[in-house]
Each structure stands twice: as structure tokens, then as C-alpha cells.
Amino acid sequence: MPQLNLATVFYLLTATALWAGNAIAGRALVGSVSPITLSALRWGLAALLLLPFGWRVFKPSSPLWKNKVRFLLLGLFGVGSYNVLLYLALQTSSAINVTLIGASMPIWMLIIGAVFYQVKPSFLQMIGAAVSLVGVSVVLTRGDLSALMSMEMVAGDLLIMIATILWAFYSWMISRPGASTERQWPWADFLMAQVLVGLVWTGFFDSFEIATGHAYVDLNLWTGSLILFVAIGPSLIAYRCWGLGVNGAGPTVAAFFANFIPLFTALLSAAILGEPPRLFHGAAFALIVAGIWVSSPKGRPPKS
């Protein structure tokens, strides 16, 4: 049975902290790099950096080819579509809307697990999802939950909702390899397969942005540094950590850690702006942790 331990917690927190940095970098690059082109540059650079370590996965004898349909879907859900939709959402949606909608991931994870994988959510998992979501709301509203009533929906909100659902499917897929032997592959081979297939999907999407004349890149030291960061941290390191965390804790419990992303984003933004953490940050942290604890196997009383 999947269980939380210190190593799994470290992997999941590392991934979410890096993805918080990705949200900040993506927002900072609005107007400098078009969204789909940004995703293509990110994953193209990530593939080049990973290629010396994972190139063997593309050999004719590689088990990848026996599972090509599976990896076409993994590459689409986890790399190709999610990141394109995220960067597109940041063009029109506010940070509070994007992160709040993304915080619905535990709920989607429970639904997808029940419908497609016959994993019935427990009462404690549903309670944990609600508690954790309240914690995210505290961060996003800066402690004033009445601010939720004044939120307005835009096109980007729908995009991040679709992205969140696709990521939930991706997480369930990597936790259920089926006939695939990917858990016995070298880590670089498994990640390389996802990155390159995802890059193919991203390139396909980017062709439409280029064809319609909406692609642009203002490359300088600042934008180049941010692109390098998102190619290494939120891509290679975070995806590796997330895979390890999902395999250790299970997709449902791992999803609750995604709620740390808006908290880390708020703290990173505060650090950049020179603002100290506020009391509501501590309250949100406690609520998110409580949701994880209640939902995880370690948080349940033993059966008599």
C-alpha cells in the first residue's frame, strides 16, 4: 500500500516548489515569449539536456515501442497539453483564478480514480480534499474568503481546468503502468520518452501559433535565464520528483501536495517583493498539511 515517508514528502514538495517558480517565470515572460512557443522552447531545451543520459530509450530494441500508445498519451497529458494550456491560461486569467482552479486537482483525482480505475475514495479523503482546498483559498484571498464572491471567470480559467483534469489522468497513468516495464527502466530513459513525445505534441500545437502569426520571442539575458530555469527545474527535476512521489504515495495523496503550489507561489512572490510572510500563510500551511494527513494512509486509524 502506498504510504508517505520523508523521501516521498521531499520529492513532492520539491516538485511543487519548482512548479511555483514555473508559474512566476511564466507570468514574467508574458509579452516576451508567446505561450506555446515558450512551452516548445522549454521542452526542446530539456530534451537536449536529457538526451546524453536517456538516448538509449529510442533504440529499436527499446521496450518503449511496445508501449507507444501509452507514451503518446503520457506525453500528451503530462508534457504536451498541460504546459501549453497553463501558459495560455496565464495570458488572460489572473493568478488567483489559475491557482484556485488548479487546487481542485485532488477532487478530480478522486473522481478519475473512482470512474476509470475503480478506486473508491474514502470519507477521510473527501474530508481531506475539502480541508486542503480551504487552505488554498486562504492563501489566494489573503485571509479574506469573502473575496471569492468577487472573482470573475475568463477564458483562461477554462483552459487551466482542462489542464488540471489532464494532469490528474497523467498522474493516475504513471501510478498504473499496467504491462509496461517502465519502473525497471533507467530514470533518464523513462523521463526522456515522456519529454520527447511531449515535445512532438508541443511542436504540433506550436505550428498553429506560428502559422497564424502569433509566435514571437524577445530573447535577451533575462528571458534566456528564465527559459533555462523552466527547462531544468520545473521540467527535468520536478517531473522526476513527481513521478517518484506519485509512485510512493499514490496519485490521490500526491494530488494534495499540488495545493502547496499557490502557497509557495505566494511566499516566493513575497520574497521577491521583500514582503515578510503573513499570519494567513501559516494558517493555510496548517490546513493544507491537515488535508494531506487526513487523506494519507498514515493519517488513518488502524482497522480493528
Ring center gap for Tyr239 and Trp167 short of 6.0 angstrom
yes
CZ (Phe53) and CG (Leu236) are apart, to the nearest 0.5 Å, by 9.5 Å
Given the options Ile24, Leu18, Thr16, Phe264 meets side chain to side chain contact (heavy atoms under 4.5 Å, CB included) only with Thr16
Is there a side-chain contact between Leu85 and Leu166, using heavy atoms and a 4.5 Å cut-off?
yes
Side chain to side chain, Trp65 and Phe58, heavy atoms closer than 4.5 Å
yes
Full working for side chain to side chain contact (heavy atoms under 4.5 Å, CB included) between Asn220 and Asp218:
CA-CA 7 Å; Asn220 52 52; Asp218 180 14; 4.0 Å; yes
For the OG atom of Ser39 and the CG atom of Leu86, what is their distance to the nearest 0.5 Å?
8.5 Å
Do Tyr216 and Thr37 have side chains that get closer than 4.5 Å, going by heavy atoms?
no
Is Thr92 reaching over with its side chain to a backbone N or O of Gly156, donor-acceptor style, under 3.5 angstrom?
yes
Same cluster or not: are Val115 and Trp108 linked, directly or through other Ile, Leu, Val, Met, Phe, Trp or Tyr residues, by side-chain heavy atoms under 4.5 angstrom apart?
yes
Heavy-atom pair of closest approach, residues Ala254 and Ala249
N-CB, 4.5 Å
Under the 3.5 angstrom rule, does the side chain of Ser175 hit a backbone N or O of Gly250 as a donor-acceptor pair?
no
Quick one: does any side-chain atom of Trp185 pair with a main-chain N or O of Val57 as donor and acceptor, under 3.5 Å?
no
Does Tyr82 have its ring centroid less than 6.0 Å away from the ring centroid of Trp242?
no
Atom CG in Leu196, atom CG in Leu50: separation rounded to 0.5 Å?
9.5 Å
Side chain proximity check, Met109 to Val119, heavy atoms < 4.5 angstrom
no
Ser180: which of Glu182, Arg183, Gln184 passes side chain to side chain contact (heavy atoms under 4.5 Å, CB included):
Glu182
Is there a donor-acceptor pair under 3.5 Å between the side chain of Arg56 and the backbone N or O of Asp189?
no
Is the side chain of Asn247 donor-acceptor paired with the backbone N or O of Gly243 at a distance under 3.5 Å, no angle test?
yes
To the closest 0.5 Å, what do you measure between CG (Asp206) and CH2 (Trp201)?
15.0 Å
Heavy-atom closest pair (Trp19 atom, Pro234 atom, distance to 0.1 Å) is NE1-O, 2.9 Å
Less than 4.5 Å apart, side chain to side chain, heavy atoms only: is that true for His214 and Phe208?
no
Spell out, as yes or no, whether a donor-acceptor pair under 3.5 Å connects the side chain of Arg70 to the backbone of Met173.
yes
I'd like to check Thr202 versus Val84 (side-chain heavy atoms, cut-off strictly below 4.5 Å). Are they in contact?
yes
Euclidean distance, Phe10 CZ relative to Asn5 CG, rounded to 0.5 Å:
12.5 Å
Give the cluster check for Leu191 versus Leu48: same hydrophobic cluster or not, with ILVMFWY residues linked at side-chain heavy-atom distances below 4.5 Å.
no
Nearest heavy-atom contact between Thr181 and Pro63 is OG1-CB, 4.1 Å
Could you give the distance from OG (Ser81) to CG (Leu88), rounded to the nearest 0.5 Å?
11.0 Å
Looking only at the side chains, is there a donor atom on one of Gln194 and Tyr170 sitting less than 3.5 Å from an acceptor on the other?
yes
Kindly indicate, with the supporting measurements, whether the criterion side chain to side chain contact (heavy atoms under 4.5 Å, CB included) is fulfilled by Val230 and Leu226.
CA-CA 6 Å; Val230 298; Leu226 289 178; 5.7 Å; no
Identified side chain to side chain contact (heavy atoms under 4.5 Å, CB included) partner of Val217 from the options Leu38, Thr223, Leu41:
Leu41
Is the Phe260 ring parallel, tilted or perpendicular to the Phe257 ring (thresholds 30°, 60°)?
tilted
With the side chain counted from C-beta on, respond yes when Phe169 and Ile165 share a heavy-atom pair under 4.5 Å apart, and no when they do not.
yes
Between Leu244 and Met192, is there shared hydrophobic-cluster membership here, with clusters defined by ILVMFWY side-chain heavy atoms closer than 4.5 Å?
no
Is it the case that the side chain of Ser171 and the backbone of Ala168 share a donor-acceptor pair, with hydrogens and angles ignored and the cut-off at 3.5 Å?
no
Any donor-acceptor N/O pair, Trp187 side chain to Arg240 backbone, under 3.5 Å:
no
Transitively linked via ILVMFWY side-chain contacts under 4.5 Å: Met161 with Leu159?
yes
Here the pair of heavy atoms bringing Ser34 nearest to Ala215 is OG-CA, 3.3 Å
Is Leu90 reachable from Trp222 through a run of I, L, V, M, F, W or Y residues, each pair having side-chain heavy atoms under 4.5 Å apart?
yes
I want to check something: taking the side chain as every heavy atom from C-beta on, are Leu74 and Ile174 in contact at a cut-off of under 4.5 Å?
yes
Can you name the nearest heavy-atom pair linking Arg42 to Asn83, along with the distance?
NH1-OD1, 2.7 Å
So, does Glu209 use its side chain to make a donor-acceptor pair with the main chain of Ile36 at under 3.5 Å?
yes
Chi angles and distances behind the side chain to side chain contact (heavy atoms under 4.5 Å, CB included) call for Val9, Leu13:
CA-CA 6 Å; Val9 170; Leu13 288 179; 3.7 Å; yes
Main-chain N/O of Ile232 paired with Ser235 side-chain donor or acceptor, under 3.5 Å
no
Do Tyr87 and Asn22 have a side chain donor and acceptor closer than 3.5 Å?
yes
